[in-house]
Number of protein chains: 2
Amino acid sequence: MSQNLSELDLSHLQEALSRSGQKVTPQRETVFKVLLAKRDHPTVDEVFNRAREAMPGLSLATVYNCLETFVGCGLVRQVNHERESTRYCPNLAPHAHFRDKETGRVHDIDLPPEVLGSLRSILPPGFDSETIEISFHGRAQAKDGPAS
Amino acid sequence: MSQNLSELDLSHLQEALSRSGQKVTPQRETVFKVLLAKRDHPTVDEVFNRAREAMPGLSLATVYNCLETFVGCGLVRQVNHERESTRYCPNLAPHAHFRDKETGRVHDIDLPPEVLGSLRSILPPGFDSETIEISFHGRAQAKDGPAS
DNA sequence: TTCCTGTTTAGAATGAGTCAAAATCTCAGC
DNA sequence: GCTGAGATTTTGACTCATTCTAAACAGGAA
């Protein structure tokens, strides 16, 4: 539950927000720290509950606002699986997601550039893709450890 | 709005349903025909409206039921994009989806076996994937024609 | 201070989807 | 052709993630 989030991580927040003309507020800091502290793809509700430990007055709407802001300035990615609640992920490296049928956990799967390339190459001319989402669904061996 | 859907298509329905011990009903036929008639990844609401032209008494819940049944017996795939309404797709060949930012249309993108293979290969040992969903998001040149 | 703008808050509203229970259908067995 | 069991459909109520609205708040420029 580290208090030792590197300054570097928080400076990302600072930088990304000011890049898009927005302010660093206590709420945004708190929410961002929650995302960095446990990278388990929490839902809004989970973020809300964790964040309230540090900031009891925080409102759910604000958590929605913060997360939307982060997504908007590229700090965080949304992860959707079927119709379940949206989850949030501060891993900015290109990666796919694997959703475990049994546990519901979401795992990051590293996406090598050549695979990304071959994916891009299947688009016929005229299709200009900004984002690609890849999600696997199945069972993962209980390789425990932090629910990545 | 072709009445000439091949017998073959409808026999798929027949076969897939009885394979899982379920009945062919007028409602299911109607809904299935709607999916085949215009392969534009309709939402439940769109299916509902189209189906009611042929069967005015049809209820929304039944459309949900039918589509769930079809997905369950592998006749149809669900397509989710972000938090938008679920769409349905009778194309069973392996393919990705491209969602046009501007029009909202969803296009099927053919997925060659070798690309599918290279995707599978990025899974670390212990990850056993049953389904893969790939979705692109961006702009598509107005290569008009039926909103594939 | 005062104003302005962006942010946060609480609560109401939305809307896709699900559920429960009654009505209806189908069809095997008589 | 009837009967009864099981599947299917219907209606309407319900859930719940998310969005919206309007009022309070914060903090910097004038």
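Below, chains carry the letters A, B, ... as their sequence lines are ordered, and counting in each starts from 1.
- To the nearest 0.5 Å, the span separating CE on M55(B) from NZ on K33(B) amounts to 9.0 Å.
- In terms of position along DNA chain C, the nucleotide closest to G57(A) lies nearer the 5' end than the nucleotide closest to the other residue of the pair G57(A) and V24(B).
- Between dT9(D) and T62(B), no contact under 4.0 Å exists linking OP1 or OP2 to a side-chain N or O.
- For E29(B) and dT9(D), the CD to P distance is 12 Å, given to the nearest whole Å.
- Taking atom CG of residue N65(A) and atom C1' of nucleotide dT19(D), one finds them 10 Å apart after rounding to whole Å.
- Considering CD of E133(A) and CD of E133(B), their distance stands at 9.0 Å, rounded to 0.5 Å.
- Summary of the strand contacts: G21(B) and R83(B) both lie near DNA chain D, and taking for each the nucleotide with the nearest heavy atom, the more 5' one is attributed to G21(B).
- Atom C1' of nucleotide dC16(D) and atom CD of E84(A) are separated by 14 Å, given to the nearest angstrom.
- At whole-Å resolution of the value, CG in D45(A) and P in dA17(D) are 6 Å apart.
- In this structure, R19(B) and C73(B) approach most closely via the heavy-atom pair NH1-O, 3.9 Å.
- Checking the phosphate oxygens (OP1, OP2) of dA26(D), no side-chain nitrogen or oxygen of Q27(A) falls inside 4.0 Å.
- Read 5' to 3', the first and last nucleotides of DNA chain C with an atom closer than 4.0 Å to a heavy atom of chain A are dG6(C) to dG17(C).
- Salt-bridge formation is not detected for the pair E82(A)/R99(A): no Lys NZ or Arg NE/NH1/NH2 atom is positioned less than 4.0 Å from an Asp or Glu carboxylate oxygen.
- Using a 4.0 Å cut-off, no side-chain N or O of T43(A) falls inside it from OP1 or OP2 of dA17(D).
- Between S85(A) and T25(B), the residue anchored nearer the 5' end of DNA chain D, judged by the nucleotide with its closest heavy atom, is T25(B).
- In this structure, the CG atom of L60(B) is 18 Å from the P atom of dC14(D), given to the nearest Å.
- Annotation for V115(B) and L111(B): closest pair CG1-CD1, 3.9 Å, computed over non-hydrogen atoms.
- Atom CG of L67(B) and atom P of dT9(D) are 12 Å apart (whole Å).
- Set against dT9(D), dT11(D), dT18(D), the side chain of T86(A) has dT18(D) as its closest nucleotide.
- The nearest whole Å value for the distance from the CD atom in E82(B) to the C1' atom in dT19(D) is 16 Å.
- Using a 4.0 Å cut-off between charged nitrogen and carboxylate oxygen, R77(B) and D108(B) do not count as a salt-bridge pair.
- For the pair M55(A) CE and dC25(D) C1', the interatomic distance rounds to 14 Å; values are reported in whole Å.
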